[in-house]
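To start, the structure under review is shown below, and the notes come after it.
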Amino acid sequence: MAMNGVLRPGHAALRVLDLEEAVNFYGNVLGLQETGRDKQWRVYFKAWDERDHNSVVIREADKAGIDFFAFKVDGKKTLEKLDADLRAYGVSTERIPAGEMLETGERVRFQVPSGHMIELYAEKKDVGNGISYVNPDPWSAASEKGIAPTRLDHCLLYGPDIEKVQKLFEEVLGFYLVEHIVLEDNKTDLAIWLSTSIKAHDIAFVRHPEPGKLHHVAFLLDSWERVLRAADLMSMNHVSIDIGPTRHGVTRGTTIYAFDPSGNRFETFCGGYQTYPDHQPLKWTMDEVGTGIFYHDRKLNDRFLSVVT
Amino acid sequence: MAHYTITIDETGETYRCSDQETLLVGMEKLGKQGIPVGCRGGGCGVCKIEVVAGDYTKRRMSREYVSEEDEAAHRVLACRVRPAGNMVLRVIGLMKKNVCRQAE
């Protein structure tokens, strides 16, 4: 349930080093459905239970990482209003015409102080989840192919000036702070988890000197058992696993972090509590940061803070 | 399948690596340390090494971390390199300090 005009994460555009290797990974191992290819050689995917045409778009490039991350808003009026609000706030925006991405309406693109490109859009073709809109079955063959997450859920981005990013997301886009990790000075946040819904996070940021970096894109699974099944499938397919299966203290999610064949980290996770904007944010201190990130290990691994694309 | 001896110059650590796997995964499989482990996909630059001696094959690596000059000078990512002979390498990646401290 969205708390305002920004409904949910809509798409992540990722760069990969070898397109066909990535197509095999996202399609057959992660188990997303390929929904199209465009003239820019981008390949489009959606998770099986998503209804809109695409949620992951990949292109081949000489660097891995993320091009942009987008949120769907609840209509064209909201899109116009948020574009105007962003400009009034001092953020320059760019309009990208409908159809530039397959089956996707006009997008408003802007850069946040952490260096990431964020997009808003109101329209994307409803292609359905393969299950009837009348008297639907609970799942289908597609929900068993590969790891088969139900949806793109959130992302964690690394960059500088995350307090400015938080202010922009809160004051212009209506997000609210759910959890944060505070550095030793008891003032500066190392990390923030923001929601536009009752999900524990729709987007998160970690303070990092290099701008525009991707830590991970997360995909939702229905159960802890599905997370364990994902771990089996990763090993069967020689997927590079970062950590897990384990649990996060932050958001309480059960999780595996792993990498796509180009080194972009992704998360397959389940759970996380539900939250509301009137809830007091939860705070983690640096002496317990390991517990916050990896609840069972109770320590950070070297990779969590240093490996990004 | 051929196997080769890989030597990490700083630590003197050696391990056997087949030509079917990368220098990084070959090291990890044997529980050895020396080269920092990141994404294992050529994207993050953490496992950057300099090949001091030996032949190898390589796959595409992120230009963010490996320039054309790097590649020409055999500064490459261990996760994208497979040995084609015995090799000697030096660790030059971002997390070198962490790993070499452990090895001391």
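Numbered from 1 within each chain, the chains take letters A, B, ... in sequence-line order.
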Exercise: identify the closest heavy-atom pair between A/Leu17 and B/Gly42: CD1-O, 3.5 Å
Region of A/Asp18 in contact with chain B, defined by heavy-atom distances below 4.5 Å: side chain
Option in A/Pro261, A/Ala258, A/Gly65 with maximal non-hydrogen atom pairs under 4.5 Å from chain B: A/Pro261
Separation between CD1 of A/Ile241 and CZ of B/Arg40, rounded to the nearest 0.5 Å: 8.0 Å
Which atoms of A/Ala61 approach chain B - backbone, side chain, both or neither, heavy atom under 4.5 Å: backbone
Selection from A/Asp62, A/Val16, A/Asn264, A/Asp260 maximising heavy-atom pairs under 4.5 Å formed with chain B: A/Asp62
Residues in residues 49-64 of chain B that sit under 4.5 Å from chain A, counting heavy atoms only: B/Arg59, B/Arg60, B/Met61, B/Ser62, B/Arg63, B/Glu64
Closest contact, heavy atoms only, B/Cys39 versus A/Gly263: SG-CA, 3.3 Å
Residue pair A/His238, B/Val25: steps toward the side chain to side chain contact (heavy atoms under 4.5 Å, CB included) verdict: CA-CA 11 Å; A/His238 301 279; B/Val25 168; over 6 Å; no
Other residues, nucleotides, ligands: >12 heavy atoms within 6.0 Å of A/Tyr295 OH: no
